[in-house]
J.: 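Structure in structure tokens, see below.
Scope of the values below: all heavy atoms of this structure, side chains included, with no hydrogens, waters or symmetry mates.
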Amino acid sequence: MTWPRIVVGAVAVITALGALLADVVVPDLAAQHAFNPAWPPHAKFHDAQYVVMSILLGALGLALVARNQLLWAAALLSTPWLGMLGALLFPGTATYDPEFADDTVFVLGLHGQVFLALVLLAALVTAAWGSMRRLRASA
């Protein structure tokens, strides 16, 4: 198995499980998301939509990795992470609710989720570059 395939596969697993773990399973994090009593039902609906979408995108990404379609897998898997960054451009959005400010993790001055999104996007770009390099070398 090539390193680009391993990297894209790892991002697929993180994409499939990340939102589910952070928003539903891990109690301290789920209290800020799916089980936050301050969130109205419509906000919870969109959080659940994001969780299900992430699971589906991760599964589709893994299927593409299994078929050695790494460029398509990388493009597909970038969707939720680019969406997370793009959401910050909308007025009134924030990476955390004010009541959880003391519990929020920052890495290098960035919200933990934003940092993770940037790391995973960089991994996908690097893996796509490596995959294209391999394709050119074998042609």
J.: Output the distance between atom CG (N68) and atom OG1 (T2), rounded to the nearest 0.5 Å.
T.: 6.5 Å
J.: Please name the pair of heavy atoms, one in A73 and one in V65, separated by the smallest distance, quoted to 0.1 Å.
T.: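 Taking every non-hydrogen atom into account, CB-CG2, 4.0 Å.
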J.: Show me, pair by pair, the donor-acceptor contacts under 3.5 angstrom made by side chains of residues 85-93, not counting sequence neighbours?
T.:
residue	atom	partner	partner atom	Å
T93	OG1	A87	O	2.9
T93	OG1	F90	O	2.9

J.: Can a donor-acceptor pair be found, under 3.5 Å and without considering hydrogens, that links the side chain of N36 to the backbone of A38?
T.: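 It does hold such a pair.
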J.: Parallel, tilted or perpendicular: which one describes the rings of F45 and H42, with boundaries at 30° and 60°?
T.: parallel
J.: Heavy atoms, side chains only, cut-off 4.5 Å: are W39 and H33 in contact?
T.: yes
J.: Restricting to non-hydrogen atoms, name the atom on P80 and the atom on M53 that form the minimum distance, rounded to 0.1 Å.
T.: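 Reported closest heavy-atom pair: CB-CE, 4.2 Å.
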J.: Check for me, please, whether V11 and F115 land in the same ILVMFWY cluster - side-chain distances under 4.5 Å, paths through other members count.
T.: yes
J.: Would you compute the distance between atom CG of L77 and atom CG of L64 and round it to the nearest 0.5 angstrom?
T.: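 Here the interatomic distance stands at 8.0 Å.
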J.: Would you compute the distance between atom CZ of F100 and atom OG1 of T95 and round it to the nearest 0.5 angstrom?
T.: 13.0 Å
J.: Quick check: is L124 connected to L110 through a chain of hydrophobic side chains (ILVMFWY, heavy atoms under 4.5 Å apart)?
T.: yes
J.: Closest approach of R134 and P4, non-hydrogen atoms and distance?
T.: NE-CD, 4.0 Å
J.: How about D103 and Q32: do any of their side-chain heavy atoms sit closer than 4.5 Å?
T.: yes
J.: Return the CD1 to CG distance between I55 and L60, rounded to the nearest 0.5 Å.
T.: 12.0 Å
J.: Give a yes or no on whether V119 and V125 share a hydrophobic cluster (residues Ile, Leu, Val, Met, Phe, Trp, Tyr; joining criterion: side-chain heavy atoms under 4.5 Å apart).
T.: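 In one cluster: no.
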J.: If you compare all heavy atoms of A74 against all heavy atoms of A128, which two are closest, and at what distance to 0.1 Å?
T.: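 What the structure gives for the nearest pair is CB-CB, 4.5 Å.
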J.: On a heavy-atom basis, which atom in G61 and which in A12 lie closest, and how many Å separate them?
T.: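 Minimum heavy-atom separation between G61 and A12: C-CB, 4.1 Å.
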J.: Please give me the minimum heavy-atom distance between V7 and A123, naming the atom from each residue.
T.: CG1-O, 3.6 Å
J.: What orientation do W129 and W3 show, parallel under 30°, tilted 30 to 60°, or perpendicular over 60°?
T.: tilted
J.: Is any side-chain heavy atom of T15 less than 4.5 Å from a side-chain heavy atom of W81?
T.: yes
J.: Membership question, hydrophobic clusters at under 4.5 Å side-chain separation (ILVMFWY): are L82 and L116 in the same one?
T.: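 Yes; L82 is reachable from L116 via cluster members.
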J.: With a 4.5 Å heavy-atom cut-off, do M84 and Y50 have their side chains touching?
T.: yes
J.: Any chain of hydrophobic side-chain contacts (each under 4.5 Å) joining V8 to L121?
T.: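 Yes: a chain of side-chain contacts under 4.5 Å links V8 to L121.
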J.: Rounded to the nearest 0.5 Å, what's the gap from OG on S78 to CG on L57? Could you check?
T.: 9.5 Å
J.: Between D23 and L29, does a side-chain contact (heavy atoms from CB on, under 4.5 Å) hold up when you go through it step by step?
T.: CA-CA 6 Å; D23 292 12; L29 297 174; over 6 Å; no
J.: Could you tell me whether a side-chain N or O of S131 sits under 3.5 Å from a main-chain N or O of A127, the two making a donor and an acceptor?
T.: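 Absent.
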J.: Checking the side chain of R5 only, and the main-chain atoms of Q69 only, is there a donor and an acceptor separated by less than 3.5 Å?
T.: no
